[in-house]
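The first residue of the sequence shown is numbered 1, and numbering continues consecutively from there. Just so you know, ligand 1 is whichever comes first in the structure, and atom 1 is the first atom listed for that ligand.
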Amino acid sequence: MSSPTVAVIVVAAGSGNRLGRARPKAFVTIVGRTILERSLDEVFAVVPPPQVIVVAPEGEMDAAQRITDGTAATVVTGGATRQQSVGRGLAELDPDVTTVLVHDAARALTPAALFQRVIDEVQLLGRGVVPGIPVVNTVKRVDERDGVLEELDRAGMREIQTPQGFPRAAFVAAHEVASQEYTDDAAVFAAAGHPVSIIEGDPLAFKITTPWDLRHAEQLVSTSGVPGGAVTATRTGIGVDVHALDDTRPLWFCGVYWPDEPGLAGHSDGDAACHAMCDALLSAAGLGDVGSRFGTDDPRFADAAGAEFLTETVALVTGAGYRILNVAVQVVANRPKIGPRRMELETVLTDLVGAPVTVGATTSDGLGLTGRGEGIAVLATCLLAAL
Ligand code: CTP
Ligand code: MG
């Protein structure tokens with residue numbers, strides 16, 4: 001397997017003074033699993049797997065090693081400040097890494113999907129990228145003596161979260177020349193003159209700082225609505241789709257374009273993989289099937305991409321109160337060859353679904369319509385958690 005081009009540095013070396021526990025914050029548990037473990041669960045769900053660097057407090061190196069045992073993660077000792085801890089992590093980057101994410105372990109419930117979006121955006125724009133959420137409360141600048149000094153316009157404000165992502169070379173250089181302590185990694189990057197873009201953050205990426213935050217995290221984890229949360233009931237689904245090959249059309253399959261391959265006939269772009277996934281998800285949620293949801297007589301879907309159906313389906317399923325745990329796809333076809341592009345397909349589909357998607361393939365030994373090369377068949381299954 002090729003070496004990762006993305007690295008995630010998880011900073012966990014703080015002491016957690018404001019939480020006020022005996023052990024450093026990252027080693028405090030939320031319903032039986034440490035804050036660091038819960039953060040890493042989501043980092044390890046990112047595809048393709050990034051290089052993972054954990055920055056731990058000196059006194060917890062053994063505990064951090066135990067937590068990462070059996071994984072490819074590197075553990076290093078942190079510094080006196082967060083910025084120094086990030087610097088220790090940067091020193092461990094693999095040679096092939098071109099995109100670096102820095103993440104607070106304290107944001108323990110941050111979903112893998114947010115990491116994926118930050119990575120995509122850094123790679124698309126070549127800029128720094130930070131997630132942010134709108135400020136909901138009125139914001140004023142105040143001081144002790146005079147009280148309220150100024151009303152601030154919250155419309156132009158965002159609360160900034162992690163993971164924050166950067167092009168490696170520029171970020172490492174910015175870190176080396178930083179002459180003061182900045183409030184976050186994007187500030188270090190911006191101080192060196194580089195642009196930073198903002199993407200929509202996720203409320204689940206909140207930072208556990210105070211005892212109230214920890215209790216909030218515990219309550220969330222006790223329900224099934226969050227990554228790693230309690231699962232009280234699951235539902236499985238199945239979907240099958242078959243399309244004939246059509247030489248006159250381009251091939252869109254598993255959400256990506258396949259040059260030099262015959263296309264698929266049928267409604268929309270004929271992406272049988274996306275359609276089978278939609279059927280699996282809809283069946284698990286008891287929401288009917290692709291035919292009844294996205295009817296062939298509806299002109300809106302005439303040329304719709306498979307990815308659009310999938311996005312729409314994910315919204316329907318989550319809107320109905322389910323969390324998608326995973327989707328498994330099995331392609332039955334002579335062509336296209338899935339193996340060489342498996343990682344890319346899994347990345348694209350995982351991004352679209354917001355939960356791990358795996359793609360496998362088989363031929364049908366020369367038998368039937370797939371064996372004769374007349375068409376492609378796809379089976380998909382999925383597992384949902386009921387909220
Ligand atoms: N951090 C770090 N090294 C430091 C300080 C902080 O790796 N020297 C990490 C923390 O472990 C945390 C993240 O930076 O995951 C965000 O910091 P914060 O929430 O402030 O954590 P603490 O510094 O541990 O908490 P406090 O400020 O309450 O002591
Ligand atoms: Mg701190």
Whether F294 and F309 hold their rings parallel, tilted or perpendicular, with breakpoints at 30° and 60°
perpendicular
State whether the number of non-hydrogen atoms from other residues, nucleotides or ligands found under 6.0 Å of D260 atom CG is greater than 12.
no
Does R335 qualify as a cation-pi partner of W258, given the criterion of NZ or CZ under 6.0 Å from the six-membered ring centre and within 45 degrees of its axis?
no
Given the side-chain rings of F115 and H103, with only the six-membered ring counted for Trp, is the space between their centroids under 6.0 Å?
yes
Is the shortest heavy-atom distance from the side chain of D104 to the side chain of R82 under 4.5 Å?
yes
Please list, by chain and number, the protein residues whose heavy atoms come under 4.0 Å of ligand 1.
V11, A12, A13, G14, S15, G16, N17, R18, K25, G79, A80, T81, R82, S85, D104, A105, A106, K207
What class does the angle between the rings of W212 and H216 fall in, given that below 30° is parallel, 30 to 60° is tilted and above 60° is perpendicular?
parallel
